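Inspection log for the structure reproduced underneath, given as structure tokens.
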Amino acid sequence: MNWYADNKPGTPLPTLLPNPKLNDPALYLPGPGLRAAVDVALALGQPLLLTGEPGTGKSQLADHIAWYFNLEDKPAVVPVQTTSVAKDLYYRYDALGHFQHNQHSGKALDPEELEKQFINFQGLGKAIKEKKRMVVLIDEIDKAPRDLPNDILTALDRLAFDVPEVKKSYVTKPELAPIVIITSNSEKNLPDPFLRRVVYYHIPTPKKEELLAILAKKMTNIAEPNQKLLIEHFDQLRGEQSRLRKKPSTAELLLWADLLVKMKFDPRGLEKGKKLTPELKDKLKQSYTVLAKTQEDLEALYQQLEL
């Protein structure tokens with residue numbers, strides 16, 4: 001697999017072969033608690049607020065719900081930023097692009113053409129404009145200014161918005177209200193009025209049995225006994241005795257397993273009582289760059305490998 005490390009300049013790039021199963025919404029495995037929380041949110045028509053470690057599948061739930069209920073469209077995403085305002089929930093207006101167009105063309109656009117070229121509808125705006133059930137993902141709400149969470153609730157109450165730049169208004173019916181998934185990495189507290197009007201669920205870190213079930217679904221090119229060996233090793237790396245500050249998540253596990261397949265790593269070398277060969281040890285060290293996110297953690301993984 002050493003296309004760069006052991007080759008000369010001019011070496012052809014390798015063919016990129018992504019594993020489509022890693023992000024397949026049909027293979028998403030929500031636990032009983034998460035399934036129950038989704039049902040509560042659907043029954044009440046309230047947003048579902050999800051917390052949990054990065055990589056535990058918070059954002060992927062939106063794709064899974066859209067697939068599960070056979071909705072025509074993929075989830076509409078509102079990428080939250082520290083500068084986000086209420087209007088960004090509906091649309092973004094490319095004022096600079098519009099100005100430059102007017103400067104070069106010398107004539108004004110009619111509202112339809114202006115909307116087509118310079119109005120980019122965002123998550124809630126898309127759902128309301130299209131007038132059909134859609135999943136809307138509002139990702140990383142804890143990055144938002146303090147007013148934005150309450151603005152989301154106002155938007156869902158109204159199910160309508162105006163686009164003054166083109167002198168248009170859009171509205172939809174309550175029965176076509178979007179299914180809203182909101183994620184948070186808990187970097188800061190959210191307003192109490194907002195928390196009172198959402199369904200909340202914390203996605204826990206999966207246990208070994210759950211990780212094995214996820215790996216079995218998404219990495220069918222690894223034999224079952226080898227899957228268990230990889231899970232055992234992964235569990236040791238992030239276990240109670242681990243010195244890692246940022247422990248790898250489910251997402252990193254899947255990428256790590258996929259990488260090991262590409263490296264032609266033989267998991268049988270991880271069996272208890274076996275001493276790792278220098279070749280397997282080198283491959284593991286190389287693979288740990290997927291699991292560690294700091295130099296300190298990478299060194300800690302190397303040290304665990306020598307124990």
Side-chain angles (χ1 to χ4, degrees), residues 1-6 14 18-19 21-23 29 31 50-60 139-140 142-143 183-188 202-219 221-307:
M1 196 196 76
N2 295 333
W3 302 291
Y4 175 62
D6 294 341
N19 183 348
K21 292 184 178 181
L22 294 186
N23 295 308
L29 285 178
L50 297 175
T51 60
E53 289 183 12
T56 50
K58 299 187 296 294
S59 300
Q60 287 184 324
D139 213 10
E140 299 186 343
D142 46 330
K143 288 183 178 178
T183 72
S184 170
N185 289 324
S186 303
E187 292 182 4
K188 67 179 181 183
H202 178 82
I203 299 181
T205 302
K207 297 177 181 177
K208 277 202 302 185
E209 307 78 45
E210 295 168 319
L211 288 174
L212 183 57
I214 293 169
L215 196 65
K217 276 268 187 183
K218 300 202 173 192
M219 296 298 301
N221 51 352
I222 300 177
E224 183 179 343
N226 291 343
Q227 291 172 3
K228 292 179 179 178
L229 290 170
L230 291 181
I231 293 296
E232 286 290 339
H233 188 72
F234 181 79
D235 188 61
Q236 289 172 12
L237 295 181
R238 62 162 290 144
E240 292 182 3
Q241 304 301 318
S242 171
R243 290 180 292 168
L244 300 184
R245 295 185 64 186
K246 295 184 178 180
K247 296 186 178 182
S249 67
T250 309
E252 276 96 32
L253 165 66
L254 294 172
L255 289 173
W256 178 63
D258 190 49
L259 175 64
L260 292 178
V261 170
K262 289 179 169 65
M263 296 174 73
K264 296 181 171 56
F265 178 84
D266 188 353
R268 290 175 295 180
L270 298 172
E271 290 175 353
K272 287 184 179 180
K274 278 191 176 181
K275 186 176 180 180
L276 280 170
T277 65
E279 180 187 1
L280 289 182
K281 189 176 290 189
D282 285 344
K283 286 185 177 182
L284 275 179
K285 283 186 175 182
Q286 187 178 357
S287 74
Y288 286 167
T289 55
V290 173
L291 302 178
K293 301 305 174 186
T294 67
Q295 180 62 27
E296 182 181 351
D297 280 354
L298 190 58
E299 293 292 340
L301 288 177
Y302 290 164
Q303 289 174 17
Q304 282 185 248
L305 192 58
E306 299 299 334
L307 295 178

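Every value quoted in this text rests on a predicted model; they were computed, and no experiment measured them.
For the residue pair L301 and A292, the shortest heavy atom distance occurs at CD1-CB, 3.8 Å. A pairwise comparison of heavy atoms in F234 and S249 identifies CZ-O, 3.6 Å as the closest pair. Of all heavy-atom pairs spanning K264 and K283, the tightest one is O-NZ, 3.5 Å. Shortest non-hydrogen contact noted between P206 and I214 is CG-CD1, 4.5 Å. The heavy-atom pair separating E140 from T183 by the smallest distance is N-OG1, 2.8 Å. Contact detail for D139 and S59: the closest heavy-atom pair is OD1-OG, 2.9 Å.
Between Q286 atom CD and M263 atom CE the span is 4.0 Å, to the nearest 0.5 Å. Distance check: S287 OG to L260 CG gives 5.0 Å after rounding to the nearest 0.5 Å. The distance from the CD1 atom of I231 to the CD atom of Q236 is 11.5 Å, given to the nearest 0.5 Å. Taking OG1 of T250 as the reference point, atom CG of L255 lies at 11.0 Å (rounded to 0.5 Å). Note that the CG atom of D258 and the CG atom of L253 stand 11.0 Å from one another [nearest 0.5 Å].
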Quick one: do Q304 and Y288 satisfy side chain to side chain contact (heavy atoms under 4.5 Å, CB included)? Show the steps, please.
CA-CA 11 Å; Q304 282 185 248; Y288 286 167; over 6 Å; no
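Partners of I222 under the side chain to side chain contact (heavy atoms under 4.5 Å, CB included) rule, at least two apart in sequence or in another chain, are M219, N226, Q227, L230, A257, V261.
Side-chain atoms of Q295 and E299 include a donor-acceptor pair closer than 3.5 Å.
Of the possible donor and acceptor atoms, none in the side chain of K247 sits under 3.5 Å from a partner among the backbone N and O of L237. Judged by distance alone, with hydrogens and angles left aside, the side-chain atoms of D142 form a donor-acceptor pair with the main-chain N or O of S186 at under 3.5 Å. Between the K58 side chain and the G52 main chain, a donor and an acceptor come within less than 3.5 Å of each other. Put simply, the side chain of D297 never gets that close to the backbone of L244: no donor and acceptor are under 3.5 Å apart.
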Review item, side-chain donor-acceptor pairs of residues 268-276, under 3.5 Å, at least two apart:
| from | atom 1 | to | atom 2 | distance (Å) |
| --- | --- | --- | --- | --- |
| R268 | NE | D266 | OD1 | 3.0 |
| R268 | NE | D266 | OD2 | 3.2 |
| R268 | NH2 | D266 | OD2 | 2.9 |
| E271 | OE1 | K274 | NZ | 3.4 |

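Within the 4.5 Å cutoff, the side chain of L284 has no heavy atoms near those of the Y302 side chain. Using a 4.5 Å cut-off on side-chain heavy atoms (C-beta onward), K218 and N19 make no contact. Looking only at side-chain heavy atoms (C-beta outward), N185 and P54 come within less than 4.5 Å of each other.
Under a cut-off of 6.0 angstrom, the local environment of NZ in K285 is crowded, with over 12 non-hydrogen atoms contributed by other residues, nucleotides or ligands. Enclosure of atom NZ in K246 is not indicated, since only 12 or fewer non-hydrogen atoms of other residues, nucleotides or ligands lie within 6.0 angstrom. Within a 6.0 Å radius of NZ in K143, other residues, nucleotides and ligands contribute 12 heavy atoms or fewer.
A salt bridge links K208 to E232: one of the charged nitrogens lies within less than 4.0 Å of a carboxylate oxygen.
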